[in-house]
Each structure stands twice: as structure tokens, then as C-alpha cells.
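Sequential numbering from 1 along the given sequence is applied to the chain's residues. One-based numbering, in listed order, for ligands and for the atoms of each.
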Amino acid sequence: MALEEFDLAIFGGTGDLSMRKLLPAMYSREFAEDLPAGARILCIGRHVGDTAEFLKQVEKDAKPHIPRETFKAAVWERFCKRIQYVGMDATDPAAYKALVDAMRPEPEITNVFYLATPPALFSKVCNNLSASGLATPNSRVVLEKPLGHDLASAKQINLEVGKIFSETQIFRIDHYLGKETVQNLLALRFGNVLFEPLWRREWISDVQITIAEELGVGNRMGYYETSGALRDMLQNHLLQLLCIVAMEPPTSMTSDAVRDEKLKVLHSLKPFTPVTLAQNVVRGQYRSGHVNGVAVPGYRKEKDANPTSRTETYVAVKTEIDTWRWAGVPFYLRTGKRMADSLAEIVIRFKKIPHSIFTQPNSSFEENCLVIRLQPDEGLHLNLMAKTPGDGMRLKPVELELNFLESFKAPRMEAYERLLLDVLRGRLTLFMRSDELEAAWAWVEPILEYWEQEENEPIPYNAGTWGPAAASALIGRDGLQWREEA
Ligand code: BG6
């Protein structure tokens with residue numbers, strides 16, 4: 001479907017996200033010759049002189065993020081012509097005249113406002129867009145995370161933004177929903193008959209979802225110190241993945257059909273009690289260590305760090321979903337920075353066979369296991385038991401592997417590219433609805449409150465490891481291990 005003419009205005013246009021993700025994503029659409037002739041990208045900031053100067057920054061900070069195989073000087077030149085810098089203070093209503101002058105009028109043109117700004121500015125910017133006449137029933141607004149700091153602030157954002165834009169105009173980004181494998185999980189579950197009958201408590205013993213990063217906080221200390229792993233990753237990315245794994249089959253791929261099912265999962269998450277908060281949640285913070293053989297400092301010694309910080313860089317949680325499908329199946333979620341490896345995966349472990357007819361010694365029995373890899377290599381691995389060749393009946397686990405890169409030679413799309421395309425096409429399925437956002441905050445809030453009261457510090461773990469020993473104990477109490485530690 002061809003894109004209609006649009007103007008995309010990025011608040012925070014000179015920032016890190018714009019340079020690393022948004023502009024390279026739009027370049028990629030340019031390369032695919034997907035952008036309408038007049039489409040423009042207006043980058044809003046306060047500190048750069050004019051468009052010519054801004055383009056120097058784009059050259060330096062955005063261009064290196066374009067994959068070599070899609071870079072062509074002529075395409076780049078064409079792309080840069082679409083970019084315009086608008087220097088203005090987004091909090092000053094009078095400054096919006098510059099944006100009004102720069103944007104082409106609706107309804108012929110779709111106007112998209114991408115708010116890659118701190119959430120404290122969302123409401124101000126939306127009000128100013130409204131007062132300047134830029135917010136119309138045809139325009140769209142994209143909200144970048146963090147979408148609040150807790151339930152109250154998320155509600156406030158929903159309320160304030162909702163006064164200006166209707167729910168169908170609001171695109172709340174969770175870039176994990178734009179990842180290829182997440183959509184492949186939908187295809188796997190609802191495009192095949194094979195798994196759905198088994199996708200339930202009768203056959204699944206437990207589910208692990210891991211997002212591990214070797215990276216530390218880098219130069220994002222200002223943000224991270226007020227956020228921590230729970231707000232940065234668990235409340236959004238991990239819970240969204242859990243929803244896609246656990247939701248009932250939606251009646252269609254329309255936005256509300258999918259989002260209704262995700263919401264039901266969030267509402268069915270077992271609420272925490274004082275006992276489960278103490279037993280089923282582990283909070284960690286990295287100390288110095290070695291990642292890939294390189295010595296790295298601990299979190300409290302990072303640049304601009306608070307030397308007594310209690311911010312968590314690791315969180316692991318065990319939860320359950322109180323529904324007929326899932327009752328009693330533990331879901332283990334974990335994420336951390338400065339871990340032993342960078343990977344994101346979902347592991348579905350099936351139950352043991354009810355009775356073994358194989359009595360031969362040396363068989364190594366393992367439960368069937370489906371691993372859905374989001375990164376680094378996108379694919380599926382299914383562990384099955386097979387007979388080893390030769391005499392006798394000795395069984396051994398073997399792996400069926402599907403590597404998406406090798407199986408589909410088609411060019412890949414980065415998460416932000418797919419999501420931006422969806423915004424431009426007005427498709428909301430991969431974006432969070434206001435009630436989903438609030439339900440996710442409501443579920444994690446008791447953890448935040450518990451940590452605030454608690455005298456204990458986050459448990460230290462050495463950089464380059466799989467996190468605190470308490471996280472291994474958390475899953476170990478159920479007689480299990482994290483996949484990478486097995
Ligand atoms: C972001 C977090 O949302 O996701 C970062 O703010 C994190 O802290 C990043 O590094 C991870 O995303 P990805 O796509 O690199 O796994």
C-alpha cells in the first residue's frame with residue numbers, strides 16, 4: 001500500500017533516538033522508494049543553527065547507523081533534501097508559529113508529531129499543538145517511552161494527551177512489538193494448527209522471557225538513574241512479550257481485537273502479595289567486571305553516577321496468569337545490563353512425557369523446548385528427542401532450527417522502521433492502548449512501592465555474569481534453571 005503524502009515532525013529531533021533510529025529508519029524507506037514525492041521530515045530542536053548546520057549533525061550522527069548494503073550516496077542526498085530543521089522551544093506557545101509555517105496543511109497531508117521528548121513535555125507539546133491549530137482530527141501523535149514513571153503519571157499522560165487527540169490518533173511506541181520475531185510469534189501461534197492445542201497448562205510446564213544486554217548505561221545515566229530496569233524494560237518490553245505469548249487467539253489482526261486480548265492477560269497477572277514480593281522478585285545492580293574480556297566499571301562508578309545509587313540494573317520476576325489456560329504455569333521474566341551475553345528470547349518448556357518406555361541406560365531425556373529468538377539471530381529452535389544412530393535404543397535431544405535470515409532472503413526491517421510505517425498508514429495494532437499502559441503500570445506498581453520501603457540495597461552482581469545468584473535461586477526453588485545457566 002503506497003504511503004500518502006505526510007509531514008513528520010520530530011520533537012527531540014536532534015536527540016539520540018532521532019539520530020540512531022528514526023532518521024535511519026526513514027532513510028531505509030527512502031532506499032525502498034516508498035516515500036511519497038513531497039514527504040518531509042521536520043526535526044525540532046533548540047540548539048542547532050539552521051538546516052544546513054543540522055544536516056552536518058545528521059551526517060555525523062545518523063549516517064553511521066545506516067547499514068552499508070543499503071547506503072547509496074544519491075539516495076542519501078535525496079533523503080537529506082526532505083529534512084528541515086525547525087529551531088524552537090517546544091514549551092513556548094508563541095514558538096509554534098515556526099512549525100505552522102513549516103508544515104503543509106491537512107487534510108491533504110497527514111501530519112505526524114513524534115514526541116521523542118521526556119514525558120514531562122507531552123502534555124505541554126500537545127496543548128501547544130492544539131492552540132496553534134496544528135492538532136487536527138487527521139493528525140497523529142507518537143509517544144516515545146518512558147510513558148510515565150508510575151501509574152499516576154501514566155494516567156495523567158493519558159488524560160492530558162487524550163484531551164487533544166482521540167485514542168485512534170495516539171501511537172504509544174514499544175519498539176519490541178516492531179521486532180520481526182515478535183510478529184513471527186503471532187504467525188507461529190495463529191498461522192499453524194500445530195502449537196495452539198499444546199499452548200496451555202496441560203502441556204507447558206513453564207515460560208522464560210529474557211532480555212539480556214552486555215551494554216551498560218553508557219551516557220544515559222541522567223535518564224537511567226530515575227528509571228531502572230523495571231521501568232525501562234519490564235513494565236513495557238517484557239510485559240508486551242508476555243502478552244503476545246499468553247493471549248487468547250484474537251478474532252482478527254485489527255488493533256482492538258489484538259489489544260483487547262493483551263489487556264485481558266495484563267488483568268489476569270497474579271497480583272503481588274507481601275510474600276510474593278519478597279520471594280518472587282529479584283533486584284540487582286552491576287558491579288565492575290569483564291564483558292567480552294574488557295574490564296568495565298560498576299554502575300555506581302559510571303560517569304555521572306550517584307555513588308550510593310539504589311537503582312536496579314537487573315530485575316527478575318516470577319509470575320502466573322490466573323486463567324483456565326495458564327493457571328499454575330510459572331512465567332519467569334528477567335532483564336539486565338552488563339550481562340554475560342546480549343540476547344532476547346522466549347523459552348517455552350513443555351512437560352515431561354508421562355511414562356518412558358525407553359529403559360536403555362545412557363539416554364539423556366529432556367523436555368521438549370521451543371526457543372523463540374528475537375536477537376541477535378532471529379529464529380526458532382525446537383528441541384525434540386531422537387534416537388541416536390546404531391544399535392540399541394538410545395535417545396538424545398536434537399534441535400530443529402529455523403533461522404529467519406537464512407530462510408527468508410527478503411530485506412529485514414528494523415523495529416522502528418516497521419512502526420513508523422504503521423504510524424504513517426494509521427495502523428494501531430502494534431501500539432499500546434491507554435488501558436494496556438495503565439494495566440501494566442498497575443501490576444508493577446507494588447514492586448516499586450516495595451523497593452521504596454525496603455531497607456535492602458539491590459543485590460550486586462559482577463558485570464559479565466548472568467545476574468545475582470538470588471535470580472538463579474528464584475527459579476531453582478521450582479527445580480528449574482535459566483536456559484543459559486542449564
Ligand atoms: C530501550 C531501553 O527501550 O530498549 C534501553 O530504554 C535498552 O535501555 C533498549 O537498551 C534495548 O532495545 P534493543 O532493541 O536494543 O534490544
Side-chain angles (χ1 to χ4, degrees), residues 12 15-22 24-25 28 64-65 67 114-119 142-149 154 171-185 209-242 244 283-286 291-292 296 299 302-305 309 311-315 333-346 372-379 404 412-420 430-432 437 440-441 444 463 467 484:
D16 191 53
L17 185 80
S18 174
M19 293 298 152
R20 281 191 309 113
K21 300 286 183 189
L22 305 181
S28 191
H65 295 285
Y114 197 119
L115 275 48
T117 64
V142 186
L143 304 181
E144 183 55 55
K145 70 178 267 268
L147 292 167
H149 192 69
F171 292 73
R172 295 176 191 81
I173 286 235
D174 184 313
H175 79 278
Y176 263 70
L177 290 181
K179 292 196 187 258
E180 193 70 50
T181 318
V182 174
Q183 289 170 58
N184 247 311
L185 178 54
I209 308 181
T210 298
I211 306 177
E213 297 180 281
E214 289 174 351
L215 286 175
V217 284
N219 50 15
R220 296 167 76 220
M221 186 55 90
Y223 154 73
Y224 200 85
E225 179 60 14
T226 60
S227 160
L230 186 139
R231 291 185 173 95
D232 189 45
M233 303 291 285
L234 176 77
Q235 182 274 340
N236 34 68
H237 305 326
L238 280 168
L239 283 187
Q240 287 294 319
L241 294 181
L242 175 140
I244 304 276
R283 152 174 81 144
Q285 189 188 65
Y286 65 81
V291 176
N292 278 330
V296 295
Y299 179 76
E302 295 275 13
K303 187 167 162 281
D304 302 328
S309 168
T311 299
E312 79 287 357
T313 60
Y314 176 98
V315 60
L333 315 178
R334 66 175 168 162
T335 183
K337 298 220 179 268
R338 288 290 188 225
M339 306 275 286
D341 202 353
S342 284
L343 62 90
E345 67 182 21
I346 299 165
I372 302 148
R373 262 287 172 125
L374 280 73
Q375 50 202 36
D377 43 339
E378 300 166 348
F404 293 138
R412 293 172 66 250
M413 226 188 229
E414 283 294 323
Y416 272 98
E417 188 180 344
R418 173 173 297 107
L419 294 174
L420 275 167
L430 297 178
F431 296 84
M432 281 180 292
L437 177 71
W441 275 117
V444 299
E484 282 68 33

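Ring planes of Y286 and Y299: perpendicular class, angle over 60° (limits at 30 and 60°).
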Every pair of nitrogen or oxygen atoms between ligand 1 and the protein that is under 3.5 angstrom apart - can you list them with their distances to 0.1 Å?
residue, atom, partner, partner atom, Å
ligand 1, 3 (O), K145, NZ, 2.8
ligand 1, 3 (O), H237, NE2, 2.7
ligand 1, 6 (O), K145, NZ, 2.9
ligand 1, 6 (O), R220, NH2, 2.9
ligand 1, 6 (O), D232, OD1, 2.6
ligand 1, 6 (O), D232, OD2, 3.4
ligand 1, 8 (O), R220, NH1, 2.8
ligand 1, 8 (O), D232, OD2, 2.6
ligand 1, 8 (O), K337, NZ, 2.8
ligand 1, 10 (O), E213, OE1, 3.4
ligand 1, 10 (O), E213, OE2, 2.4
ligand 1, 10 (O), K337, NZ, 3.2
ligand 1, 12 (O), H175, NE2, 3.1
ligand 1, 14 (O), H175, NE2, 2.8
ligand 1, 14 (O), K179, NZ, 2.6
ligand 1, 16 (O), Y176, OH, 2.5
ligand 1, 16 (O), Q375, NE2, 2.6

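Around the CG atom of D341, the shell of radius 6.0 Å holds more than 12 heavy atoms that belong to other residues, nucleotides or ligands. Atom CD of E414 has 12 or fewer neighbouring heavy atoms from other residues, nucleotides or ligands inside a 6.0 Å radius.
E312 contributes a side-chain N or O that, together with a main-chain N or O of A229, makes up a donor-acceptor pair within less than 3.5 Å.
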Verdict with reasoning, E302 to K337, per salt bridge (charged side-chain N to carboxylate O under 4.0 Å, His left out): CA-CA 13 Å; E302 295 275 13; K337 298 220 179 268; over 6 Å; no
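Remark: E180 engages R418 in a salt bridge, criterion side-chain N to carboxylate O under 4.0 Å.
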